[in-house]
Amino acid sequence: MKHRVKIRNVSVFEKVQTYLINNFGSTTSLKSILKELHKSGMDIKRETLNRYINILMDAKIIYECKRFDLKSINGEQKYYLSDMGFYFATNTDNRINYGPALENVVFNYAKSKGYDISIGRIGKLECDFIMRDNMNNYGYVQVTMTTMLNRETEDREYAPLEMIKDNYPKYVLTRNDMIQKRNGIIHENIPQFMASGKLF
């Protein structure tokens with residue numbers, strides 16, 4: 001049975017919670033969050049911020065997705081929501097950026113399948129997710145609403161995957177594009193991929 005946590009400064013805790021919920025799917029760090037809090041006149045120690053984030057993770061409100069650089073590891077990460085309802089509860093206009101929302105859907109799906117999930121960097125390019133299963137097999141995943149706006153959009157999503165030289169599978173997941181083939185990269189529609197229970 002878990003014990004209740006005591007939060008001395010509820011207003012600061014709520015500010016941290018709102019910030020993380022409203023910025024789900026954005027690359028951040030403790031340093032950048034502290035900077036934003038200080039801008040709004042809230043003085044908080046790094047240790048306190050880290051504790052508040054851990055409370056939110058323990059409560060299963062947010063999940064942490066750390067950066068895995070293919071050459072090194074640093075302190076940046078993203079946070080995803082266990083339930084998009086947390087976002088809509090704090091944003092009454094219901095406007096949403098579909099890019100992070102689709103990432104959130106794919107993140108939770110992969111988590112439900114038992115994957116360890118990281119965000120990655122290949123050279124100067126970003127890979128949305130690096131999936132690792134319990135046998136230490138990897139999969140690389142790019143998530144986007146569509147690749148069909150123009151060639152530049154398509155190239156932006158495929159380029160990070162094309163730079164990876166190992167033989168693990170690489171995926172571009174979109175909302176409802178026509179399936180295409182490019183350099184052995186697997187293109188799947190997110191609803192169909194999830195409905196079929198596919199693995200990475």
I would like to know whether E162 and R182 meet salt bridge (charged side-chain N to carboxylate O under 4.0 Å, His left out); could you show each step before the answer? CA-CA 9 Å; E162 290 170 336; R182 176 166 162 170; 2.8 Å; yes
Give the C-alpha distance, both sets of side-chain angles, the deciding distance and a yes or no for ring-ring contact (aromatic ring centres under 6.0 Å, His included) between Y79 and F107. CA-CA 10 Å; Y79 294 98; F107 177 90; over 10 Å; no
Could you check R46 against L34 for side chain to side chain contact (heavy atoms under 4.5 Å, CB included), going step by step and ending with a plain yes or no? CA-CA 7 Å; R46 185 184 183 94; L34 284 170; 3.9 Å; yes
Go through the steps for V12 and Y52 under the test side chain to side chain contact (heavy atoms under 4.5 Å, CB included), then give the verdict. CA-CA 9 Å; V12 174; Y52 287 171; 4.0 Å; yes
List the steps and the verdict of side-chain hydrogen bond (donor to acceptor under 3.5 Å, both in side chains) for N9 and S11. CA-CA 6 Å; N9 196 329; S11 64; 2.8 Å; yes
Walk me through whether T144 and L102 qualify under side chain to side chain contact (heavy atoms under 4.5 Å, CB included). CA-CA 7 Å; T144 185; L102 289 176; over 6 Å; no
Would you check, one step at a time, whether the test side chain to side chain contact (heavy atoms under 4.5 Å, CB included) holds for F200 with Y168? CA-CA 10 Å; F200 297 100; Y168 290 115; over 6 Å; no
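Two residues are said to be in side-chain contact when any heavy atoms from C-beta on lie closer than 4.5 Å; L56 and Q17 meet this criterion. Side-chain contact between T174 and M145: absent, with no pair of heavy atoms (C-beta onward) separated by less than 4.5 Å. Side-chain contact between Y19 and I33: present, with at least one pair of heavy atoms (C-beta onward) separated by less than 4.5 Å. The shortest side-chain heavy-atom distance between P169 and I186 falls under the 4.5 Å cut-off. Side-chain contact between T28 and Q77: present, with at least one pair of heavy atoms (C-beta onward) separated by less than 4.5 Å. The shortest distance between side-chain heavy atoms of R132 and N137 does not fall below 4.5 Å. With a 4.5 Å cut-off on side-chain heavy atoms, L49 and V16 count as touching. The shortest side-chain heavy-atom distance between S82 and I62 does not fall under the 4.5 Å cut-off.
Cluster membership for M148 and V172, using ILVMFWY side-chain heavy atoms within less than 4.5 angstrom, is not shared. A single hydrophobic cluster is not seen to contain both I179 and V106; linkage of ILVMFWY side chains at heavy-atom distances under 4.5 Å, directly or through other members, places them apart.
Under the ring pair (Phe, Tyr, Trp, His ring centres under 6.0 Å) criterion, Y98 pairs with no residue, sequence neighbours left out.
Residues F129 and F68 place their aromatic rings such that the two centres sit no closer than 6.0 Å. Between Y171 and Y140, the distance separating the two ring centers is not shorter than 6.0 angstrom.
Between the side chain of N150 and the main chain of E152, a donor-acceptor pair closer than 3.5 Å is present. Between the side chain of T153 and the main chain of L149, no donor-acceptor pair closer than 3.5 Å is present. When atom types are taken as modelled, the side chain of N104 and the backbone of P100 share no donor-acceptor pair closer than 3.5 angstrom. Of the possible donor and acceptor atoms, one in the side chain of N189 sits under 3.5 Å from a partner among the backbone N and O of D177. Of the possible polar contacts, none joining the S196 side chain to the F193 backbone as a donor-acceptor pair under 3.5 Å is found. When atom types are taken as modelled, the side chain of D133 and the backbone of N136 share a donor-acceptor pair closer than 3.5 angstrom.
Remark: K111 qualifies as a cation-pi partner of Y63 under the 6.0 Å distance and 45° angle criteria applied to the six-membered ring.
The closest side-chain donor-acceptor pair between Y80 and E103 falls under 3.5 angstrom. With no hydrogens or angles considered, a side-chain donor-acceptor pair links N22 and N91 at under 3.5 Å.
No more than 12 heavy-atom neighbours from other residues, nucleotides or ligands sit within 6.0 angstrom of CG on N167.
Considering all non-hydrogen atoms of both residues, F86 and K60 come closest at CE1-O, 4.4 Å. In this structure, C127 and L161 approach most closely via the heavy-atom pair SG-CD2, 4.2 Å. When all heavy atoms of V10 and I7 are compared, the pair lying nearest together is CG2-O, 3.8 Å.
Atom-to-atom distance recorded for K66:NZ and I117:CD1 is 14.0 Å, nearest 0.5 angstrom. Atom CG of L37 and atom OG of S32 lie 9.5 Å apart (nearest 0.5 Å). Taking CG of L30 as the reference point, atom CD of E76 lies at 11.5 Å (rounded to 0.5 Å). Atom-to-atom distance recorded for I53:CD1 and L20:CG is 5.5 Å, nearest 0.5 angstrom. Residue K45 holds its NZ atom at 9.0 Å from CG of D43, rounded to the nearest 0.5 Å. Taken to the nearest 0.5 Å, the OG atom of S29 stands 13.5 Å off from the NZ atom of K78.
Checking R67, R156, Q142 one by one against E126, the side-chain hydrogen bond (donor to acceptor under 3.5 Å, both in side chains) holds for a single residue, R67. The salt bridge (Lys or Arg N to Asp or Glu O under 4.0 Å) test with E188 singles out one residue from K198, K170, K181, and that residue is K198.
Using a cut-off of 4.0 Å between Lys/Arg side-chain N and Asp/Glu carboxylate O, K15 and E36 are scored as not salt-bridged.
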